[in-house]
Amino acid sequence: MAGAEGDDSLYPIAVLIDELRNEDVQLRLNSIKKLSTIALALGVERTRTELLPFLTDTIYDEDEVLLALAEQLGSFTVLVGGPEFVHNLLPPLESLATVEETVVRDKAVESLRKISQEHSPVDLEVHFVPLVKRLASGDWFTSRTSACGLFSVCYPRVSSTVKAEIRQHFRTLCSDDTPMVRRAAASKLGEFAKVLELDYVKSDIIPLFTALASDEQDSVRLLAVEAGVSIATLLPQEDLEALVMPTLRQAAEDKSWRVRYMVADKFSELQKAVGPEITKTDLVPAFQNLLKDCEAEVRAAAANKVKVFCENLPEDSRETIIMTHILPCVKELVSDTNQHVKSALASVIMGLSTILGKDNTVEHLLPLFLVQLKDECPEVRLNIISNLDCVNEVIGIRQLSQSLLPAIVELAEDAKWRVRLAIIEYMPLLAGQLGVEFFDEKLNSLCMAWLIDHVFAIREAATCNLMKLVEKFGAEWAQNTIVPKVLGMANDSNYLHRMTTLFCINALSGVCGQEITTKHMLPVVLKMSTDQVANVRFNVARCLQKIGPVLDSSALQAEVKPVLEKLATDQDMDVKYFALEAISVLALA
Amino acid sequence: LTAGGGGNDVQWCFSQVKGAIDDDVAEADIISTVEFNHSGELLATGDKGGRVVIFQQETENKSQPQCRSEYNVYSTFQSHEPEFDYLKSLEIEEKINKIRWLPQKNAAQFLLSTNDKTIKLWKISERDKRPEGYNLKEEDGRYRDAATITTLRVPVFRPMDLMVEASPRRVFANAHTYHINSISVNSDNETYLSADDLRINLWHLEITDRSFNIVDIKPANMEELTEVITAAEFHPHQCNTFVYSSSKGTIRLCDMRASALCDKHSKLFEEPEDPSNRSFFSEIISSISDVKFSHNGRYMMTRDYLSVKIWDLNMENRPVETYQVHEYLRSKLCSLYENDCIFDKFECCWNGNDSVVMTGSYNNFFRMLDRTQRRDVTLEASRESCKPRQVLKPRRVCAGGKRKKDEISVDSLDFNKKILHTAWHPQENIIAVATTNNLYIFQEKVN
């Protein structure tokens, strides 16, 4: 290194500092990420007086640099001299909190929230609160939106006069001219309510919530829904009806589908927040309406919540409510015009059987499952099949098997390979539920057919599927049913099918165990070493490497070694390579 | 200053002209869009060469009160480059179809610019400080001997000459199969729409990898296509409302609250055709080339080939006002069809308080239509009348019969000189009028 006479330790730091203003963003980013190293070298005094002022002015930089800077400053307290000096970090974070990129602003706010905890109560009032006020009354909405996220961290730790000011600032922002600030305020309303005294929640937060929930901008109203849920958890049960419910009821019937969607999306949280009584009187009819909404997006969001909503209904009246109020809506959704709605429902509907018990499931749900199993949209059928286990626990799968089979066969032969792939993945599950007998009779042939599918991803998944089936049904079953078929493919005229045999053996040898592997599989593999296609031959070498550990040493020495040695002299480079690799891995040299 | 007011009592005078003076017009220099920002302090133009030029209003000159502040170049940047779509073997022109300013969010300014396929979000920001001081080299780039480094130097920011930078912040691509004709920012300030011939997409300003299709009028069989979307705009205050106009002369108003896909309009504005005016060209000339909401959101204005119509949003069956822009061309439609002029897309704009509207015509004429006094005037953007503060004289076209003094005969109109794009300062009586490759700025005469 050049700096032989200078201070050696300074050189790398000097480079880092210079690269803070390098043309190359990556180098700047690199330097910013090592800001703590620079600060450490400069010492706390120079970090405060020189480095931080420089950083405060660097807000022209690329977003990724600013983002990294905002993050670094959140854990910089020690480097400026500890909590006593933490307020020195405020100016650079303040300027970062006003940039237009949301990610940078949010990170700056996150860091500000973090370091607010390191301020003493006095410093908080002297340095931090004035910063929040400056941001809150800034000219540009970027700074006002950032302010919204800072009230809740200082409120609990300041005097009552300052508390009053903070509440006033928050109120002002809730009625800001720009929808961006009102959105920010609405999204922080719940959080702010949590740190307020209950009286102020009632006197301050509730009017703000009501106002935001009836804002002219859809995007503000929908954020108020979430705030409503948080506020509801804070209030005593007796106040909910008067203070929160009218607004929430109104949101559930909002003219804008986006707001109703938000209600549907937050329904479980809402249900928990308002408790069983209001759930019975208010949420049940609201939920019915959402399930019957004219907008498909809303119905789909609500359909997704059917199971959780039913699960969380008060136990004493759960079954009645489901049977008389929810199930009729669900029945309609089964034949909805929109496939997203149907498929959302199909992903949860099976869960109702555990809640409703055997008799109701057989009488009411089973017909619905059967309809969905015949749905024109493959996703709906798949969602039903993937959740079969819930039904199996309650009524056993036999009830369904007659309808299940055609559905599975149709999916198995679907023209879209992704659909075929999806159903293959459920095969081990289905096999487990349906039992070996049914499987052998009806599904085995499908599983074997996938092995010769023209799409590799399907053949690969089919191979993996066989392994999982053997894990379920055992080696003996494998030997009787699938091994002969797999080995039979070794004589196929298509080399791709011959390779499938090898891939299957790779997958199966471990689960089938030494005896089957040595006795049945190994001879086939060895015989294929003379295949005319080089791809098959090198896959023989790879296969031998893979099954080697399953074989005993005599078979390895007597049978595998000679074949590998022969392959190692093959004319094809790849065959040679894999043969040599196998020899070395199996330590046969 | 009559803030935003004015009508035909206003005397318009020449203020500035931008662009080359010679008669050779380079294709790339043809202005394709003009747009003031929300304060009127900045004026952006886009051209066929894919460039955006931004002019800034100089701060008021106190010593010369009658000489109002002028617009000078603030920033120029290449927004779009010519591209080639290899999948469809199509050239994608760099021409800027539309520019829309975003409401100001911090010290920087933001605008959306679009060509036929790709929308870009640009940031225009000022910088007046630069860092100084290196450890390992001098400010001029000569390296220092590393051995001489005994202390660390932290760079400091020093004032420098003001520099204006334009940087692309987002690129919204690959969402339009057809040519984008409109972009419009929503009053929620977080979404905007982009419309092409058959579809309208809704974007979030911060998300570039997905957009939502909100209108799709593409028929399953393209042979059944009878109508295309010609323009679309969001309501200035109601975040859920937007309109789009069609080549059949109708305007549909959609409510995004009602459903996610707005293929069912909530209002359809259409005027029954006057059977006496029916001709071979009826459908072509009824095609709407521009639609603009008034600032107060109560009305919208549409421009078709021969007229400007003002619609009350509460009345769908006919416009509340109709203004003829150049009725004398009705007898010329045949030749205008032959030279393709009939397909020209004239735009229109409102003044600051919605009392006057402006739109362009041929022969470098533009029209001011006063709604309160029901009066209109034709003015000309011309090199002949560009002495400072020269008052623009009204022009008259002789519609037939005997030509009076000062009148211009229809046959002597120059159809190659057309004013398609105009813009009105959002508060003041300052207008920007784009002739082929020149931008004229006129303002109210101050006595």
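Treat the numbers as computed from the prediction; the structure is a model and nothing was measured. Order of the sequence lines fixes the chain letters, A, B, ..., with proteins taken first and strands second; residue numbering starts at 1 for each chain.
Looking at Glu295(A), its side chain does come within 3.5 Å of a backbone N or O of Ala260(B) through a donor-acceptor pair. Judged by distance alone, with hydrogens and angles left aside, the side-chain atoms of Asp18(A) form a donor-acceptor pair with the main-chain N or O of Asn135(B) at under 3.5 Å. Looking at Arg21(A), its side chain does come within 3.5 Å of a backbone N or O of Pro131(B) through a donor-acceptor pair.
Counting non-hydrogen atoms of neighbouring residues, nucleotides and ligands closer than 6.0 angstrom, the CZ atom of Phe77(B) exceeds 12 such neighbours. Atom NE2 of His295(B) has more than 12 heavy atoms from other residues, nucleotides or ligands within 6.0 Å. Residue Asp161(B) places its CG atom among 12 or fewer non-hydrogen atoms of other residues, nucleotides or ligands, all under 6.0 Å distant. Around atom NZ of Lys123(B), more than 12 heavy atoms belonging to other residues, nucleotides or ligands sit under 6.0 Å away. Annotation for Phe242(B): atom CZ counts as buried by contact number, over 12 foreign heavy atoms lying within 6.0 Å. Crowding of Arg48(A) atom CZ: a count of heavy atoms from other residues, nucleotides or ligands under 6.0 Å exceeding 12. More than 12 heavy atoms of other residues, nucleotides or ligands shown are found within 6.0 angstrom of CG on Asn22(A). More than 12 heavy atoms of other residues, nucleotides or ligands lie within 6.0 Å of CD in Glu41(B), so this atom counts as buried by the packing criterion.
Only the side chain of Glu206(B) comes within contact range of chain A, judged by heavy atoms closer than 4.5 Å. Looking at Val298(A), there are no atoms closer than 4.5 Å to chain B (heavy atoms on both sides), in backbone or side chain. In this structure, chain B has a heavy atom under 4.5 Å from the backbone of Thr98(A), while its side chain stays farther away. Contacts of Ser125(B) with chain A are absent, with no heavy-atom separation under 4.5 Å from either backbone or side chain. Looking at Arg46(A), the atoms closer than 4.5 Å to chain B (heavy atoms on both sides) all sit in the side chain, from C-beta outward. For Glu100(A), the parts lying near chain B are the backbone and the side chain together; criterion is any non-hydrogen pair under 4.5 Å. Heavy atoms closer than 4.5 Å to chain B are found nowhere in Thr178(A), neither backbone nor side chain. For Arg183(A), the part lying under 4.5 angstrom from a heavy atom of chain B is the side chain only.
Within the model, atoms OG1 of Thr145(A) and NZ of Lys105(B) stand 10.0 Å from one another, a figure rounded to the nearest 0.5 Å. Separating the OH atom in Tyr60(A) from the CG atom in Asp128(B) is a distance of 5.0 Å, to the nearest 0.5 Å. From Arg127(B), atom CZ reaches atom CG of Asp57(A) across 11.0 Å, with rounding to the nearest 0.5 Å. Interatomic distance, Lys129(B) NZ to Thr58(A) OG1, rounded to the nearest 0.5 Å: 10.5 Å. Residue Gln238(B) holds its CD atom at 10.0 Å from CD of Gln217(A), rounded to the nearest 0.5 Å.
Ring geometry for Phe157(B) versus Phe54(A): interplanar angle under 30°, hence parallel rather than tilted (30 to 60°).
When side chains are defined from C-beta on, Cys239(B) does not count as touching Glu216(A), because their heavy atoms never get closer than 4.5 Å. By the 4.5 Å heavy-atom criterion applied to side chains, Ile17(A) and Pro155(B) are counted as neighbours. For the pair Tyr11(A) and Leu136(B), the minimum side-chain heavy-atom distance is below 4.5 Å. Looking at heavy atoms from C-beta onward, Leu42(A) lies in side-chain contact with Leu152(B) at the 4.5 angstrom threshold.
Between chain A and the residues Lys137(B), Arg170(B), Glu165(B), the largest count of heavy-atom pairs under 4.5 Å involves Arg170(B).
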Legend entry - Test side-chain contact (heavy atoms from CB on, under 4.5 Å) applied to Arg169(B) and Glu101(A), step by step: CA-CA 9 Å; Arg169(B) 304 300 297 202; Glu101(A) 275 311 322; 3.2 Å; yes
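Considering all non-hydrogen atoms of both residues, Ser187(B) and Pro179(A) come closest at O-CG, 3.3 Å. Minimum interatomic distance between Ala258(B) and Cys294(A) (heavy atoms only, all atoms of both residues): O-SG, 4.4 Å.
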